[in-house]
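As a basis for the values below, the full set of heavy atoms in this structure was taken, side chains included, without hydrogen atoms, waters or symmetry mates.
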Amino acid sequence: MEQTTTGSYRVLPGRDDDEWLLLDVERGDPTYVPRTPGSDDRATGDRADTTALAPGNRVDATLEWVDGDPHVASYEVVDATRFRFARTTEPMFEAATRCWTDAVERDSGMNSRVTYGTDGEPNGVVYTFAKQPGQRDLFAEFRDGVKPLEPLLVRAAGGREAYDAATGSAKAASDDSTSAEGAPDDAPTPPFETFVVDAVDEPFVAVYIVLDPDGFLAETVRDTYLDAETEGASGGLADRL
């Protein structure tokens, strides 16, 4: 028996390299689907090529359920934002440590801070969240969709109305109370590049939404936290931000 459903989803890593996790942005429900090339098979149904998707993409998709197993029949990427997840021994960058220091001074477990480039223009928004060792693994919750990043992306874009206008999305995210708090004054439009960084020696997890995914800042974050172990990079961002 076949069933068809449609919705707006944020793409996240699956449980292995052969699947994606599609997180419903309205209800937060998870659906695991195979990463497959496209096919037109009467036995399995039409399947879209999902190999080109990336974590962080937001898609409007149609899912087909064959004998209870879902696959993507068709989709459109409405936001090409990318998510990057890094557990690292590298030092945390200064903007994040300052953000965390402000949170501690206010006796708060969460804080946000807009970062600026050398031209004085906003280039990102950093959030810090207190770790809860022995209770919750926040890094894993962000990666696995238990704690959605959607509200933070909406704030970075200037709020729900601005985000929907920029992406052409008619769907509301699960946090209807999301406002522009924490966003730059002249909010940019997605796609962004979002880094979730867990530095092992720090008591917090940082989420850094970089506004220009093709810019120097995003490249520096990638070099520092994603390529450090493979290319021997060390402390590039921590020393400069």
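Residue Asp119 places its CG atom among more than 12 non-hydrogen atoms of other residues, nucleotides or ligands, all under 6.0 Å distant. By the 6.0 Å contact criterion, CG on Asp16 is enclosed, its count of non-hydrogen atoms from other residues, nucleotides or ligands being greater than 12.
In this structure a side-chain-to-backbone donor-acceptor pair under 3.5 Å is missing from Thr224 to Val221. For the pair Asp144 (side chain) and Val146 (backbone), a donor-acceptor distance under 3.5 Å is absent. A donor-acceptor pair is defined here as one N or O able to donate and one able to accept, closer than 3.5 Å; such a pair exists between the side chain of Glu19 and the backbone of Arg15.
Atom CZ of Phe216 and atom OG1 of Thr118 lie 9.5 Å apart (nearest 0.5 Å). How far CD of Glu94 is from SG of Cys99: 12.5 Å, rounded to the nearest 0.5 Å. With rounding to the nearest 0.5 angstrom, the OG1 atom of Thr115 is 4.0 Å from the CG atom of Asn123. Atoms CG and CD, from Asp201 and Glu90 in turn, are 11.0 Å apart once rounded to the nearest 0.5 Å. One distance of note links CZ of Arg47 with OG of Ser74; it measures 14.0 Å at 0.5 Å rounding.
Using a cutoff of 4.0 Å between basic side-chain nitrogens and carboxylate oxygens, Asp164 and Arg160 are scored as salt-bridged. Taking 4.0 Å as the cut-off between side-chain N and carboxylate O, Arg58 and Glu150 count as a salt-bridged pair.
Using a 4.5 Å heavy-atom cutoff, the side chains of Asp212 and Leu217 are not in contact. Residues Ile209 and Tyr127 have side chains in contact (heavy-atom distance under 4.5 Å, counting atoms from C-beta outward). For the pair Val210/Phe192, no side-chain contact is recorded, criterion being any heavy-atom separation below 4.5 Å from C-beta on. A 4.5 Å side-chain heavy-atom check between Val207 and Val125 finds every atom pair outside the cut-off. Contact annotation: the side chain of Leu21 never approaches that of Val11 to less than 4.5 Å [non-hydrogen atoms, C-beta and beyond]. A heavy-atom distance below 4.5 Å is found between the side chains of Thr81 and Arg10. In this structure the side chain of Leu12 reaches within 4.5 angstrom of the side chain of Phe83, judged on heavy atoms. For the pair Val72 and Asp49, the minimum side-chain heavy-atom distance is 4.5 Å or more.
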Taking it one step at a time, do Val197 and Val205 satisfy side chain to side chain contact (heavy atoms under 4.5 Å, CB included)? CA-CA 6 Å; Val197 181; Val205 174; over 6 Å; no
Can you check side chain to side chain contact (heavy atoms under 4.5 Å, CB included) on Thr6 and Leu63, steps first, answer last? CA-CA 6 Å; Thr6 60; Leu63 307 183; over 6 Å; no
Take Asn57 and Arg82 through the side-chain hydrogen bond (donor to acceptor under 3.5 Å, both in side chains) test and state the conclusion after the steps. CA-CA 6 Å; Asn57 290 173; Arg82 290 291 303 271; over 6 Å; no
For Val196 and Arg143, what are the C-alpha separation, side-chain angles and deciding distance, and is it a side chain to side chain contact (heavy atoms under 4.5 Å, CB included)? CA-CA 8 Å; Val196 180; Arg143 182 193 60 209; over 6 Å; no
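Evaluated for a side-chain hydrogen bond (donor to acceptor under 3.5 Å, both in side chains) with Ser8, the options Asp24, Asp60, Thr167 yield exactly one hit, Asp60. With Trp65 as the fixed residue, the side-chain hydrogen bond (donor to acceptor under 3.5 Å, both in side chains) test singles out one of Thr4, Thr5, Thr31: Thr5.
Residues Trp20 and Ala54 share a closest heavy-atom pair of CH2-CA, 4.0 Å. Considering every non-hydrogen atom in both Gly14 and Arg35, the closest pair reads N-NH2, 4.3 Å. The nearest pair of heavy atoms linking Asn111 to Ala103 is CB-CB, 3.6 Å. Annotation for Pro34 and Thr50: closest pair O-OG1, 3.2 Å, computed over non-hydrogen atoms. Asp79 and Pro190 make their closest contact through OD1-CB, 3.5 Å (heavy atoms, listed as atom of the first residue, atom of the second, distance). When all heavy atoms of Ala218 and Phe195 are compared, the pair lying nearest together is O-CZ, 3.7 Å.
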N/O donor-acceptor pairs under 3.5 Å from side chains in residues 129-138, not counting sequence neighbours:
from: Lys131; atom 1: NZ; to: Asp198; atom 2: OD1; distance (Å): 2.6
from: Lys131; atom 1: NZ; to: Ala199; atom 2: O; distance (Å): 3.0
from: Lys131; atom 1: NZ; to: Glu202; atom 2: O; distance (Å): 2.8
from: Arg136; atom 1: NE; to: Glu141; atom 2: OE1; distance (Å): 3.3
from: Arg136; atom 1: NE; to: Glu141; atom 2: OE2; distance (Å): 3.1
from: Arg136; atom 1: NH2; to: Glu141; atom 2: OE1; distance (Å): 2.6
from: Asp137; atom 1: OD1; to: Arg87; atom 2: NH2; distance (Å): 2.5
from: Asp137; atom 1: OD1; to: Phe139; atom 2: N; distance (Å): 3.3
from: Asp137; atom 1: OD1; to: Ala140; atom 2: N; distance (Å): 3.2
from: Asp137; atom 1: OD2; to: Arg87; atom 2: NH2; distance (Å): 2.7

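In this structure, Arg84 fails the cation-pi test against Tyr225, since its NZ or CZ atom is not both closer than 6.0 Å to the six-membered ring centre and inside 45 degrees of the ring normal.
Aromatic rings of Tyr208 and Phe93 (six-membered ring for Trp) have centroids within the 6.0 Å cut-off, being under it.
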